[in-house]
Amino acid sequence: MEILSKEPQRYPGARVTDETILFLFRAQPLIMTTFEPDHDFENEDFSGAYDHKRIIADAEKAFVSLLKPQYNVVKFANYPKGADGLHGFDYVRYGYVIGESITFNTAHGQMSGARDPLTGSYTSEADSIFVEGDKVVVWQLNVRMRPLEQLLAVNLRRSAHVPH
């Protein structure tokens, strides 16, 4: 309710509650495991189990740290580091895409998803966030891959530019 009370209406006669959209997503992890030729499989766990809450927490931090939405009080400036995310967990690298044809725009950045209407899967046109250790890289269509810090610096310069 606090968010709704701060937002002005955008169209005359409309209520702010009529103009508010909540985006609910279902996370569908795709986990790929690779092994070295000399790997010892004796104690390997092939159950396919994963910590869904940890993945959700990390995904939220990834998108908030990139887009810095206005009403998120915590911006996760130290992402990917965090106690309840995937940093330091048992993954060498991981990433996130939005498997819907939707674009999120904020004053600090943009993230676009893409979905194939025939297969229902995301496509290569979707922007992606990749994490390996402490390094976060954002891949956006028509923009070369770059570290998160560079992407944020470019977006800040764009938002600060005022045409004459």
Side-chain angles (χ1 to χ4, degrees), residues 3-4 7 10-11 14-36 39 41 44-72 74-76 79-152 154-155 158-159:
I3 292 173
L4 292 178
E7 260 322 286
R10 295 176 188 234
Y11 298 101
R15 296 178 306 185
V16 175
T17 54
D18 295 336
E19 299 176 330
T20 303
I21 300 171
L22 298 177
F23 295 98
L24 305 175
F25 291 95
R26 178 183 52 209
Q28 297 177 307
L30 171 63
I31 300 172
M32 293 180 265
T33 305
T34 59
F35 300 99
E36 296 296 325
H39 183 79
F41 290 95
E44 194 64 47
D45 176 14
F46 289 105
S47 69
Y50 57 87
D51 188 338
H52 194 73
K53 287 183 180 181
R54 189 173 284 274
I55 292 171
I56 297 298
D58 196 85
E60 176 189 11
K61 289 173 178 57
F63 286 101
V64 169
S65 70
L66 171 66
L67 297 174
K68 296 180 180 19
Q70 178 181 353
Y71 292 111
N72 275 74
V74 179
K75 304 291 190 210
F76 306 107
Y79 182 79
K81 295 178 181 172
D84 63 344
L86 296 176
H87 186 267
F89 208 62
D90 199 23
Y91 298 110
V92 174
R93 68 191 60 81
Y94 49 94
Y96 301 102
V97 297
I98 299 173
E100 296 292 335
S101 296
I102 190 168
T103 298
F104 292 101
N105 290 301
T106 70
H108 296 279
Q110 177 179 339
M111 196 76 186
S112 296
R115 182 172 191 244
D116 184 309
L118 295 176
T119 66
S121 182
Y122 65 89
T123 71
S124 60
E125 294 175 353
D127 297 339
S128 306
I129 301 171
F130 295 107
V131 181
E132 185 170 351
D134 291 343
K135 183 179 177 186
V136 179
V137 175
V138 178
W139 175 263
Q140 292 183 302
L141 188 65
N142 299 325
V143 179
R144 73 184 202 304
M145 194 163 45
R146 30 183 174 177
L148 180 60
E149 299 81 24
Q150 289 178 7
L151 183 71
L152 292 175
V154 169
N155 284 333
R158 283 184 190 153
S159 65

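Since this is a predicted model, take the numbers as computed values, not measurements.
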**Report entry** Which atom of Leu118 lies closest to which atom of Asp116, heavy atoms considered
**Finding:** N-OD1, 2.7 Å

Query raised in the report: Charged N to carboxylate O under 4.0 angstrom, Asp84 versus Lys61?
Result: yes

Report task. Give me the ring orientation class for Tyr50 and His52: parallel if the planes are under 30° apart, tilted from 30 to 60°, perpendicular past 60°. Result -> tilted

Report task. Check Gly99 against Tyr122 and note the closest heavy-atom contact, atom names and distance. Result -> CA-CB, 3.7 Å

Report task. Kindly compute the distance separating OH (Tyr79) from CD (Glu60), expressed to the nearest 0.5 Å. Result -> 11.0 Å

Requested in this report: Identify the two heavy atoms, one from Val138 and one from Gln140, that lie closest to each other, and give their separation to 0.1 Å.
Outcome: CG1-CG, 3.8 Å

Report task. Decide yes or no for Ile98 and Ser112: does some side-chain heavy atom of the first lie under 4.5 Å from some side-chain heavy atom of the second? Result -> no

Report summary line: Nearest heavy-atom contact between Glu100 and Arg115 is OE1-CD, 3.7 Å

Query raised in the report: Do Val136 and Ile129 come within less than 4.5 Å of each other through their side chains, counting heavy atoms only?
Result: yes

Requested in this report: Working to the nearest 0.5 Å, report the span between CZ of Phe76 and CZ of Phe63.
Outcome: 13.5 Å

Query raised in the report: Do Gln110 and Thr103 come close enough that some side-chain heavy atom pair is under 4.5 Å?
Result: yes

Report summary line: Hits for side-chain contact (heavy atoms from CB on, under 4.5 Å) against Ser124, two or more places apart or cross-chain, chain-then-number order -> none

Query raised in the report: Looking at Gly133 and Pro80, what are the two nearest heavy atoms and their distance?
Result: O-CG, 3.5 Å

Without placing hydrogens or testing angles, list every side-chain donor-acceptor pair under 3.5 Å for residues 25-34, not counting sequence neighbours.
none

Query - Separation between CE of Met111 and OG of Ser128, rounded to the nearest 0.5 Å - result: 6.0 Å

Output a table of donor-acceptor pairs, distance under 3.5 Å, between side-chain atoms of residues 85-94 and any protein atom two or more places apart or on a different chain; print 'none' if there are none.
| unit_1 | atom_1 | unit_2 | atom_2 | d |
| --- | --- | --- | --- | --- |
| His87 | NE2 | Asp134 | OD1 | 2.5 |
| Arg93 | NE | Glu132 | OE1 | 3.4 |
| Arg93 | NH2 | Glu132 | OE2 | 3.4 |

**Report entry** Heavy-atom pair of closest approach, residues Thr106 and Leu67
**Finding:** OG1-O, 2.5 Å

